[in-house]
Amino acid sequence: MTRVALLIPVAILVGIVMNWKGRSTVTGKKFSWKSIQMPWFIFGFLLVSAIYSSGAVPEPLAEKLVMLSYILMAMSMAGLGLNIDLVTFRKYGGKPFIAGLIGSILLTCLGYVLVQTFHLN
C-alpha cells in the first residue's frame, strides 16, 4: 500500500525533473509548470480514492468493483505477456528479468522482516 501511496508524489516529481532537464538542456526553453507532463491516471486514482473514502460507495458495490479491477488487471497483464516476442526477450531480457527477480525477492524478505519485527501479523 505504501508503494501505491508513494506513486503520486514520485510521478509528479519525475514529471517535474524530466521537464526541467528537457527544457534546459535540449531546447534551451525555460522551465514552465504548465508544460509538465503528468500521467492522467493519477488524478483518476485520487478521485476514486476520495469517493471511496467518503463512504459514498456502498460496501457490496465496492467489493464488486474491486473484483472487476482484479479481472481487468489480469487481462492487461495477459495482454502484455502475449505480446512478448520470446526471441527478443531471450536476447535482451535476461539481465532486466534477473534484476526484477532479485528486487522482488529483496522486497519480500524486507516485508517479512518488518512484519515479524513490528508484530504486524
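The shown structure was predicted, so the numbers you read here are calculated from the model rather than taken from an experiment.
The side chain to side chain donor-acceptor pair (under 3.5 Å) test applied to Asp85 returns Thr88, not counting sequence neighbours. Applying the side chain to side chain donor-acceptor pair (under 3.5 Å) rule to Ser53 yields no partners; only residues at least two apart in sequence or on another chain are considered. In this view, Val10 and Val14 satisfy the side-chain contact (heavy atoms from CB on, under 4.5 Å) rule, not counting sequence neighbours.
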Side-chain polar contacts of residues 96-115 - donor-acceptor pairs under 3.5 angstrom, sequence neighbours left out - could you list them?
residue: Ser104; atom: OG; partner: Gly100; partner atom: O; Å: 3.0
residue: Thr108; atom: OG1; partner: Ser104; partner atom: O; Å: 2.8

Counting only pairs under 3.5 Å, give me each side-chain donor-acceptor contact of residues 54-72, with atom names and distances, residues two or more places apart or in other chains.
residue: Ser54; atom: OG; partner: Ile51; partner atom: O; Å: 2.6
residue: Ser54; atom: OG; partner: Ala56; partner atom: N; Å: 3.4
residue: Ser69; atom: OG; partner: Val66; partner atom: O; Å: 2.6

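Interatomic distance, OH of Tyr52 versus CG of Leu47, reported as 15.5 Å (0.5 Å rounding).
In terms of heavy atoms, Ile84 sits closest to Leu80 at CG1-O, 3.5 Å.
Residues Phe43 and Phe45 are members of one and the same hydrophobic cluster, defined by side-chain heavy-atom contacts under 4.5 angstrom among Ile, Leu, Val, Met, Phe, Trp and Tyr.
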